[in-house]
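First the structure, in the form of structure tokens, and then the observations on it.
Each chain gets a letter, A, B and so on, in the order its sequence line appears, and its residues count up from 1. Worth saying up front: this structure is predicted, and the values here are computed from it rather than measured.
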Amino acid sequence: MPKPVFNTERCKGCGLCTSVCVRNLIFLSEQFNSKGYQPACCKDDTRCIGCLICARTCPDVVIEIHK
Amino acid sequence: MTEKLFTRPKSLLDVPTHYCPGCYHGIIHRLIAEIIDELHVQDYTIGIAPVGCSVLAYDYFNFDMFGAAHGRAPAVATGVKRVHPDALVFTYQGDGDLAAIGCAEIVHAAARAEKFTTIFINNAIYGMTGGQMAPTTLLSQRTNTSPYGRNSEACGHPIRMSEMLATLEGSIYLARVSVHDAIHMTKAKRCIRKAFELQLQGKGFSMIEVLATCPTNWGMRPLQAVEWLKSEMIPYYPLGIIKDSTEVK
Ligand code: SF4
Ligand code: SF4
């Protein structure tokens, strides 16, 4: 199964990826990373269809899609 | 073993960038790096970084890079390409760099049909210097130096650089693209790739203008900036191939 893997320390919390997931799986965490951003995460990666759109949208290459 | 369906291209170094959250420079850097990987030209690519937010692009791309004085990237690229005619040479310039201080350099490089490619990032504002009006700032757009909105009486109309360069015989391929969603990103990548391929075939000057957001200096959240780009910028700066003189004959 495909799933998004986040390099949380690189995330700037811009939220662009949260608006593009076709399954609406991505949201910004309540936690903060060491730079003070609220990083993106996936609420249920078993529902990911591996469309890659979140990864392609991220300006900081935070997201990899693993299988 | 984990298979990676999507990962960072080899031509983009694995380092954090200084760009603001949601800024499109990162997406455009990645597309360029992906194309360079796909064309297998990492070893003979030479990029010219401008002055502006992307002044540090040489710290992010994993191939040879030059830094140029403000606006002078096309002059430096001219020299590099003439000395290394087989290299893939591109300049990466913002709208303040290219359309204001470097306007003469880009016009004459295109007029001379210099055989390099320019990636022109148009976000309608000066970024690094703190959000001043640029030649590409839209009418009524508020910036630090047009607090009541750009007024054509005092400041003229925004310049459409791609259309302007299209009047010159030396330019062979000009396109305006955007990267605000997956479809537009695919089209943008196709255009940049075509420009690089034409250059590798020894053809003349090409430029891809990429519309980009600047959430910080526009005073918007990143997602609001995406909407503003779609509703305000694209109507004034229409997307598509502006000129393709390789299709005739
Ligand atoms: S790959 Fe597609 S479905 Fe999976 S999290 Fe990313 S956008 Fe959503
Ligand atoms: S697009 Fe990238 S930087 Fe922005 S919130 Fe998503 S993972 Fe973080």
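When all heavy atoms are compared, the tightest approach of B:Leu5 to A:Pro2 is CD1-CB, 4.0 Å. Nearest heavy-atom pair, A:Pro59 versus B:Cys23, reported as atom, atom and distance to 0.1 Å: CB-O, 3.3 Å. What you find for B:Gly22 and A:Cys14 is that their closest heavy atoms are N-CB, 3.2 Å.
With a threshold of 4.5 angstrom between heavy atoms, A:Cys17 does not approach chain B through any atom at all. Only the side chain of B:Leu12 comes within less than 4.5 Å of a heavy atom of chain A; its backbone N, CA, C and O stay farther away. Contacts of B:Val179 with chain A are absent, with no heavy-atom separation under 4.5 Å from either backbone or side chain. For a residue to count as touching a neighbouring chain, one of its non-hydrogen atoms must lie under 4.5 Å from one of that chain's; by this rule A:Val20 does not touch chain B. Looking at A:Ile53, only its side chain comes within 4.5 Å of chain B, counting heavy atoms on both sides.
Qualifying side-chain hydrogen bond (donor to acceptor under 3.5 Å, both in side chains) partners for B:Glu232, counting only residues two or more places apart in sequence or in other chains: none.
Interface summary for chain B: among A:Leu52, A:Val62, A:Val5, the most heavy-atom pairs under 4.5 angstrom belong to A:Leu52.
Counting non-hydrogen atoms of neighbouring residues, nucleotides and ligands closer than 6.0 angstrom, the CZ atom of B:Arg142 reaches no more than 12 such neighbours.
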What would the table of donor-acceptor pairs between chain B and chain A look like if you include every N and O pair under 3.5 Å, whether backbone or side chain?
from: B:Glu3; atom 1: N; to: A:Lys67; atom 2: O; distance (Å): 3.2
from: B:Glu3; atom 1: O; to: A:Lys67; atom 2: N; distance (Å): 2.7
from: B:Lys4; atom 1: NZ; to: A:Glu64; atom 2: OE1; distance (Å): 3.4
from: B:Leu5; atom 1: N; to: A:Ile65; atom 2: O; distance (Å): 2.7
from: B:Phe6; atom 1: N; to: A:Ile65; atom 2: O; distance (Å): 3.4
from: B:Phe6; atom 1: O; to: A:Ile65; atom 2: N; distance (Å): 3.2
from: B:Thr7; atom 1: OG1; to: A:Glu64; atom 2: OE2; distance (Å): 2.5
from: B:Asp14; atom 1: O; to: A:Arg10; atom 2: NH2; distance (Å): 3.2
from: B:Asp14; atom 1: OD1; to: A:Arg10; atom 2: NH1; distance (Å): 2.9
from: B:Asp14; atom 1: OD1; to: A:Arg10; atom 2: NH2; distance (Å): 3.4
from: B:Thr17; atom 1: O; to: A:Lys12; atom 2: NZ; distance (Å): 3.1
from: B:Thr17; atom 1: OG1; to: A:Lys12; atom 2: NZ; distance (Å): 3.0
from: B:Thr17; atom 1: OG1; to: A:Asp60; atom 2: OD1; distance (Å): 3.2
from: B:Tyr19; atom 1: O; to: A:Lys12; atom 2: NZ; distance (Å): 2.6
from: B:Arg30; atom 1: NH1; to: A:Arg56; atom 2: O; distance (Å): 2.8
from: B:Arg30; atom 1: NH2; to: A:Arg56; atom 2: O; distance (Å): 3.2
from: B:Ala182; atom 1: O; to: A:Arg56; atom 2: NH2; distance (Å): 3.4
from: B:Thr186; atom 1: OG1; to: A:Arg56; atom 2: NH2; distance (Å): 2.9

